[in-house]
Amino acid sequence: MTIAPAQHNGERGQAAWTDAQLLYALEEVVEKELNRHLTVAKDWMPHEYVPWSDGRNFPGQLEGGEPWAVEQSKVTDIGRTALVVNLLTEDNLPSYHHEIATLFGRDGAWGTWVHRWTAEEGRHGIVMRDYLLTSRAVDPDELERFRMAHMAEGFESDNSHSMLHSVAYVAFQELATRISHRNTGHHSGDPVCDRMLARIATDENLHMVFYRNLLSAAFEMAPDQTMCAVRDVVTGFRMPGHGMPGFERAAARMALGGIYNLRIHHDDVLQPVLRFLKVLEIGGLGPAGLRAQEELGVFMNGLDGQARKFEERQAAIQARKAAARERESFGSAK
C-alpha cells in the first residue's frame, strides 16, 4: 500500500515526499525484505569463533596476570591497526541503534528490522572483543582507553536529517564495512581471525542487500529525491568511525596496507551499488534529479582519477621500501 506524495515540486509533475510519507510507502518493501532476510540469515554463536584455550590472565584483579606485549600478538601490524578501528566502529552500536530507531521508528516492519539489525550487529562487537583479548592480538589497556574516548564523544550521523539520505548511506556503508572486515582478515596473518571476520562480513553483506533493495524501491517512488540523496551521500561519504582517536593516521595506514583505500572505495563499494541500481542510467528525472545524476557521474570520474594517483604513490612507496630492504640485505651479506 502506498500513499501519494502531497507536496508538488513543480518539476515535470514530480512531487516531493516527506519522511513520514516515504516511511509509510516503503513499509511493504521493508516487510518483504525483512522476510527474505530472515530466510537467508543464519544464526551463529560468537563464542565458537574465539580461541579460548589461548587465553590467560592480564595484570590487575586476578593472580598470575601477564602483561601484554606486542610479541604475543599473532596478527600483523596492519592487522592490529585495522582490528582496533573495526572494533571501535562496532562499539558505537548503541548510537547507531538510536539513530535508526529515531529515523525509522520502533513499530511495524520498520521496527522489527531495526531491532533485528541491532541484535545481529551486536554479535560483531562481542566476537571481535573476545578474540582480541583472548588471543592477545592488541594492547587491552589502549583498546579500552580508545573505546571510552570514542564513545564519550558520542556519534551523530551526517545523514540524520533525512530518512532517504540515511537509507542511501547505509546501502554503501554496510558494503564498506564488509570489505573492511574481509580485507582485515586477509591481511591479519591469523587464520582464526580471518575466519571470524569472514563470518562478520557475511552479515554485513546481507545488511547491504536489505538497504540496497530498499533504495531501489525508493528510486521507483521518488526518483529525483533519491538521486539527490545518493549524490549527497556518495560525494560526502565518511566511515562511521571517523571521530575515533587517531582515525586519520589509522585510515592512512589501512589505505597503504590494502585494507581500505580510494581504489577499494571506488571499485568495490560505490561502483557495485551504483551499477546494480543503474543509478547513472535512470531516465525520467526532473531538473534536480538530472543535475544530481550528472554531478554524481562527474564525481565518480574524479574519484577514479584520485584512486589512480593513490595507486601510483602506493607503488612508489612500496618500491622505496623494497629497495631499502635490498640494501639492508646486501649490507648484512658483506
Side-chain angles (χ1 to χ4, degrees), residues 37-38 40-58 68 70 72-98 100 113-148 150-151 155 170 173-211 239-241 244 247 250 254 257 259-260:
H37 176 83
L38 294 176
V40 296
K42 292 180 172 56
D43 279 342
W44 55 280
M45 303 299 147
H47 57 267
E48 294 180 358
Y49 290 81
V50 179
W52 298 106
S53 59
D54 291 349
R56 51 197 186 278
N57 293 344
F58 289 104
W68 182 84
V70 68
Q72 298 166 359
S73 177
K74 296 179 181 179
V75 301
T76 60
D77 288 343
I78 187 61
R80 281 195 298 277
T81 297
L83 282 163
V84 170
V85 170
N86 291 354
L87 176 55
L88 291 179
T89 301
E90 298 288 354
D91 277 336
N92 246 339
L93 180 61
S95 291
Y96 308 148
H97 174 84
H98 173 75
I100 66 171
W113 166 252
V114 166
H115 297 306
R116 173 72 190 198
W117 175 88
T118 302
E120 291 183 3
E121 287 286 342
R123 290 186 178 126
H124 304 168
I126 291 170
V127 69
M128 289 182 68
R129 185 172 300 280
D130 286 347
Y131 164 81
L132 294 182
L133 297 181
T134 301
S135 68
R136 291 181 173 245
V138 302
D139 182 343
D141 293 343
E142 184 179 70
L143 179 65
E144 177 59 12
R145 285 193 291 268
F146 281 164
R147 187 191 70 84
M148 285 294 295
H150 184 38
M151 295 193 70
F155 172 82
V170 289
Q173 182 268 321
E174 293 282 5
L175 183 54
T177 305
R178 169 189 175 261
I179 295 297
S180 181
H181 282 311
R182 202 68 193 95
N183 286 342
T184 298
H186 290 329
H187 289 81
S188 69
D190 181 9
V192 176
C193 180
D194 191 21
R195 186 164 54 247
M196 172 200 53
L197 291 176
R199 177 57 261 188
I200 293 175
T202 298
D203 279 1
E204 304 290 8
N205 196 63
L206 291 177
H207 297 163
M208 178 276 293
V209 171
F210 178 95
Y211 288 118
M239 291 293 275
M244 70 180 59
F247 178 78
M254 291 168 66
I259 304 292
Y260 200 94

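These numbers come from the heavy atoms of this one structure, side chains and all, not from hydrogens, waters or symmetry mates.
Between the CG atom in L133 and the CZ atom in F58 there is a gap of 5.5 Å [rounded to 0.5 Å]. Considering CE of M128 and CG of L88, their distance stands at 9.0 Å, rounded to 0.5 Å. Once rounded to the nearest 0.5 Å, the distance linking CE of M151 with CG of L93 reads 8.5 Å. To the nearest 0.5 angstrom, N92 atom CG is 11.0 Å from L87 atom CG. Taking OH of Y260 as the reference point, atom CE of M239 lies at 5.5 Å (rounded to 0.5 Å).
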Task: Verdict with reasoning, E174 to F210, per side chain to side chain contact (heavy atoms under 4.5 Å, CB included) - done: CA-CA 10 Å; E174 293 282 5; F210 178 95; over 6 Å; no
- [ ] Begin with the C-alpha distance, continue with both residues' side-chain angles, and end with the deciding distance and a verdict on side chain to side chain contact (heavy atoms under 4.5 Å, CB included) for D190 and Y131.
- [x] CA-CA 11 Å; D190 181 9; Y131 164 81; 2.5 Å; yes
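Counting heavy atoms from C-beta on, the side chains of M196 and L132 never come closer than 4.5 Å. At a threshold of 4.5 Å between non-hydrogen side-chain atoms, the residues E121 and T118 do not count as touching. For the pair C193/L83, a side-chain contact is recorded, criterion being any heavy-atom separation below 4.5 Å from C-beta on. Two residues are said to be in side-chain contact when any heavy atoms from C-beta on lie closer than 4.5 Å; T202 and K42 fail this criterion. For the pair E142 and W68, the minimum side-chain heavy-atom distance is 4.5 Å or more. With a 4.5 Å cut-off on side-chain heavy atoms, I259 and S180 count as touching. Side-chain atoms of E90 and R129, non-hydrogen and from C-beta on, never get closer than 4.5 Å to each other. Looking at heavy atoms from C-beta onward, D139 lies out of side-chain contact with L143 at the 4.5 angstrom threshold.
Across all their heavy atoms, R80 and A137 have their closest contact at CD-O, 2.9 Å. Pairing each heavy atom of G79 with each of V75, the nearest pair is C-CG2, 4.4 Å. Across all non-hydrogen atoms, the minimal contact from F155 to P240 is CE1-O, 3.4 Å. When all heavy atoms are compared, the tightest approach of A250 to V85 is CB-CG2, 3.6 Å.
Side-chain N or O atoms of H150 include none that pairs as donor or acceptor with a backbone N or O of F146 at under 3.5 Å.
Residue-environment remark: NE2 (H186) exceeds the threshold of 12 foreign heavy atoms within 6.0 Å.
Among H207, M208, E204, Q173, the one residue that satisfies the side-chain contact (heavy atoms from CB on, under 4.5 Å) test with R178 is E204. Residue H181 forms a side-chain contact (heavy atoms from CB on, under 4.5 Å) with just one option from T177, I179, T184, and that option is T177.
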Side-chain donor/acceptor pairs under 3.5 Å, residues 44-54, sequence neighbours excluded:
from: W44; atom 1: NE1; to: D203; atom 2: OD2; distance (Å): 3.1
from: W52; atom 1: NE1; to: H47; atom 2: O; distance (Å): 3.0
from: D54; atom 1: OD2; to: K74; atom 2: NZ; distance (Å): 3.0

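At a threshold of 4.0 Å, the pair E144-R147 counts as salt-bridged, since one of the basic side-chain nitrogens sits closer than that to a carboxylate oxygen. Salt bridge absent: D130 and R123 never bring a charged side-chain N and a carboxylate O closer than 4.0 Å.
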